[in-house]
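What follows is a set of notes on a single structure, which appears directly below.
These values consider heavy atoms only, across backbone and side chains, with no hydrogens, waters or symmetry-generated copies.
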Amino acid sequence: MTSTRTSRGRRRAPTRMSRAAGRAAALQKPRVILALLLLLALTSVMLLDGYLRAEVGGDQRVRTGASADKVPEKILDGGPILTFQGGRATTVSVPDKTIALTFDDGPNPTWTPQVLEILRKYDVPGTFFLVGSMVSRYPGIVRDMVEEGNEVGIHTFTHVDLSYQSDARVDREMEQTQLALAGAAGITTTLFRAPYSSEADAIDNYSWPVYEKLGEDGYTSVFVDTDSDDWKKPGVSKIIKWATPEDGKGASVLFHDAGGERSQTIKALPAYIKKMKAAGYTFTTISGVMQEQNAAVRQASGAAGQQAAGAAAAGTATAGAQGTAGEQPGSVPGGESGIGDGGNGGTGGTADRLQAAHREATGVTLYEGKALIAAVTLAEWTVPALSVGLMIVGVAVMGRFGMMLILARRHYRKRNKRRFSWGPTVTRPVSVIVPAYNEKECIANTLESLAKSTHPIEIIVVDDGSDDNTSEISREAARALGMANVRVIRQENAGKPAALNNGVRSASYDIVVMMDGDTVFEPDAVHQLVQPFADPDVGAVAGNAKVGNRDTIIGAWQHIEYVMGFNLDRRMYDLLRCMPTIPGAIGAFRRDAVLEVGGMSEDTLAEDTDITIAMHRAGWQVVYQEHAKAWTEAPGSLKQLWSQRYRWSYGTMQALWKHRKSLTDKGPSGRFGRVGMPLVVLFQIVTPVFAPLIDVFTVYSMIFVDFQAALLAWLAVLGVQLGCAAYAFRLDREKYRYLLMMPLQQLAYRQMMYLVLIHSCITALTGGRLRWQKLKRTGEVGTPAGVSR
């Protein structure tokens, strides 16, 4: 954790702003950009994963019952293989006693390897029509599939009915699947089967233009002759029966290796293969069917040529033979697929003879495909990890709420019993230290509130090099109020810790109360604050800081946060004896204890957290006094709020890092290290950093998954938070009307706090240095009696 000695505090005068501090400030923009880039990356990964799972861009529409009057009759009555060689639609049938075994919807990590094992065992090739999103998720299965000599085709990327999609969406579905195949197995393919398709006679007026378009692009569309209907899970015997062609005819037979539970398919497939082989059938791929057909065409063309030479005078046979040959399918446009080239014909056998529809992926296609697989792999690892993190965060958040409610209730009951006492009433005078830098708007109100104190005090105003007459205003206010107990000490600008240390050294009494120059105390605040010192083991006391300017939206949000997030937490930490922070706005210390631990340190930007942990490690008890109330002016703009919380978050991380050795210490130091520090890290750093997952997943689910369920879940979490907040308001006797702002706080304010914390984490991890930021004050928080509650 980086030290901040080069940046000596919040109250550095502008004339002493170092160049190093300026450079540090300039470095904050890249870190903000990095934080936003991380958020963008997370969103992109989630969108990619959602697209793969058809949550993003999914379309469940399936067309049925459409007319087919615009589809050529020869296509509806033709075979299951549709090509558009030369721009003319032609179909091919599977030869008798031949089966083209096809599988849809894969690959699947459970069922596809079992199907491949069966095919390997019986030396039978298969043609697998793959869903691109599944290919990108399980590339290894596709690689094995191709290497073992099976053939692959496209079944779209997201399994949508293309008859509903635009031309751009159709192109995207095909291109993305080709890239997935290129990245997985180094190939592309010319085969295609449309989702929800069946036999060729099911082509309708809406799907026919899609097939024509794909045919122009060089694709061969494949349909079904015989459907096993294994997806219905009718039983093994029926699957075998329905997959068997009639009367020895050839067929393109459909099974499924994915899309659901396929145990019946796995049992039926070997029995089916043995049955068909026993009946004299051979198995081939779709390319094998086309090669065999092309071989027959060439043979017929040769015979027709001989007849034409012998009957030239008649001139009729040649024309008839050419017409017959012209109606047969040849290679796809460009001839790159190898279908119809004759060199790769046959059924069964080696991989070279079974990859006629495949093209080798090269160049940009290959690298884009590998990039797609890499991105999907990242998403496949990231999103489940985020989901687990979400569960952990959810449990931690709910656990924190539960702990706060239970322990806060115990704390309230314990401290508000009639018989509860810290010991003999503390009545001796105490010193109140007010560090001030350019506090002309607030210092008079601060002194006026202290003038009404019911406890004897001396007031030490330490002017840390102000250039706005803070010292003069303090003296004039003291004179006007008739306060003889005010001392004003002016020092060269050295920072808040130095000002506090100066005040401690100058204090006349053994108890010192520390406050900010923009804070006002209630009349009995000091008296209430010092009562715990009746217990000799108490070394420091945290007071109850409240937001004074709460009538704005930002102020109301911070008011909720102070009451619920800070004071409810302090009750819990008090009972657990591991209070992490005494607020700078209102806290009290034994003077000797402060000097014992070395005073207020300049090592971190959170000197209040630093000194509190140091007190624990020195063996002192730190407690919370809810009845000691002070009113502070919270930041009035989002920019100032960001600056303040950024410093708080980063300073807390610095303080925890500085005192990390307490994890292995013995005694009181070890207790804080093994109880307090883990709780602070979990509840103030880890959980808030990952808590945005709840909101990101909620928004994602609302948009892409189930709006109603996601909304109900979000409202349930909000309800729990409202319950906790309402209880905290009850304990602090606050008005409930401010809770009306809580839903908006969850939507806006909380997200900002998350970004601030992520920004702080990035700064810490990158070794950045951060200086104090002086917040602009308005002086609108007057004396407690005038505060609107």
Side-chain angles (χ1 to χ4, degrees), residues 7-18 21 429-453 455-509 512-521 525-526 548 584-589 591 594 599-600 602 607-608 630-633 635 640 644 771-784:
S7 178
R8 296 181 58 88
R10 165 189 174 191
R11 293 174 170 82
R12 180 183 298 277
T15 57
R16 300 189 61 193
M17 177 79 72
S18 67
V430 301
S431 300
V432 178
I433 303 172
V434 186
Y437 171 70
N438 287 348
E439 300 288 1
K440 67 177 182 179
E441 295 89 355
C442 307
I443 194 66
N445 289 336
T446 298
L447 293 176
E448 183 179 354
S449 72
L450 293 175
K452 299 176 181 179
S453 175
H455 195 93
I457 59 175
E458 72 162 349
I459 304 169
I460 304 174
V461 178
V462 183
D463 184 350
D464 186 36
S466 299
D467 57 8
D468 67 346
N469 297 321
T470 294
S471 297
E472 290 74 9
I473 294 173
S474 300
R475 293 188 181 97
E476 291 176 3
R479 284 194 296 269
L481 294 168
M483 301 172 68
N485 57 343
V486 177
R487 280 190 287 159
V488 178
I489 302 175
R490 183 171 175 81
Q491 67 177 33
E492 187 176 349
N493 178 254
K496 183 180 180 182
L500 290 171
N501 287 332
N502 194 348
V504 171
R505 289 192 299 268
S506 304
S508 304
Y509 304 110
V512 292
V513 174
M514 299 181 184
M515 65 185 298
D516 287 337
D518 52 32
T519 302
V520 296
F521 276 15
V526 174
I586 177 169
F589 300 83
R591 181 173 180 272
V594 174
M600 308 298 289
E602 299 179 6
E607 79 288 333
D608 45 8
W631 303 80
T632 187
E633 182 178 338
Q640 292 185 42
Q644 182 196 66
R771 63 183 179 86
W772 276 82
Q773 297 90 12
K774 174 69 172 77
L775 301 181
K776 183 179 180 181
R777 300 302 184 183
T778 63
E780 60 184 295
V781 178
T783 58

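Here the side chains of Val434 and Ile443 are in contact, with some heavy-atom distance below 4.5 Å. Using a 4.5 Å heavy-atom cutoff, the side chains of Val462 and Gln491 are in contact. For the pair Asn502 and Ile489, the minimum side-chain heavy-atom distance is below 4.5 Å. Asp518 is listed as a side-chain neighbour of Thr632, based on a closest heavy-atom distance under 4.5 Å.
The structure places CD of Glu448 at 9.5 Å from CE of Met483, a figure rounded to the nearest 0.5 Å. Note that CZ of Arg475 and CG of Asn469 are 10.5 Å apart. Values are rounded to the nearest 0.5 Å. To the nearest 0.5 Å, atoms NZ (Lys496) and CD (Glu607) are separated by 4.5 Å. Rounding to the nearest 0.5 Å places CH2 of Trp631 at 14.5 Å from OG1 of Thr446.
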**Request:** Report the C-alpha distance between Glu439 and Asp516 in whole Å, list the side-chain angles of each, state the deciding distance to 0.1 Å, and finish with yes or no for side-chain contact (heavy atoms from CB on, under 4.5 Å).
**Result:** CA-CA 10 Å; Glu439 300 288 1; Asp516 287 337; over 6 Å; no
**Item:** Met514 vs Val504, side-chain contact (heavy atoms from CB on, under 4.5 Å): CA-CA, chis, key distance, verdict
**Value:** CA-CA 9 Å; Met514 299 181 184; Val504 171; 3.7 Å; yes
**Item:** Trace of the side-chain contact (heavy atoms from CB on, under 4.5 Å) decision for Ile457 with Leu450
**Value:** CA-CA 9 Å; Ile457 59 175; Leu450 293 175; 4.2 Å; yes
**Message:** Between Phe521 and Ile586, is the side-chain contact (heavy atoms from CB on, under 4.5 Å) condition met? List the steps.
**Reply:** CA-CA 8 Å; Phe521 276 15; Ile586 177 169; 3.8 Å; yes
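In this structure a side-chain-to-backbone donor-acceptor pair under 3.5 Å is present from Asp468 to Lys440. Between the side chain of Asn501 and the backbone N or O of Pro497, at least one donor-acceptor pair lies under 3.5 Å. Between the Asp464 side chain and the Ala494 main chain, a donor and an acceptor come within less than 3.5 Å of each other. Between the Arg487 side chain and the Ser506 main chain, a donor and an acceptor come within less than 3.5 Å of each other.
When all heavy atoms are compared, the tightest approach of Asp608 to Gly584 is OD2-N, 3.7 Å. For the pair Ala630 and Thr519, the tightest heavy-atom approach, listed with the atom from each and the gap, is CB-CG2, 3.6 Å.
A search for side-chain contact (heavy atoms from CB on, under 4.5 Å) contacts involving Ala507 returns Ser431, Glu458, Ile460, Val512, Arg591, not counting sequence neighbours. Taking Asp463 as the reference, Ser466, Thr470, Ser471, Arg490 meet the side-chain contact (heavy atoms from CB on, under 4.5 Å) condition, with sequence neighbours excluded.
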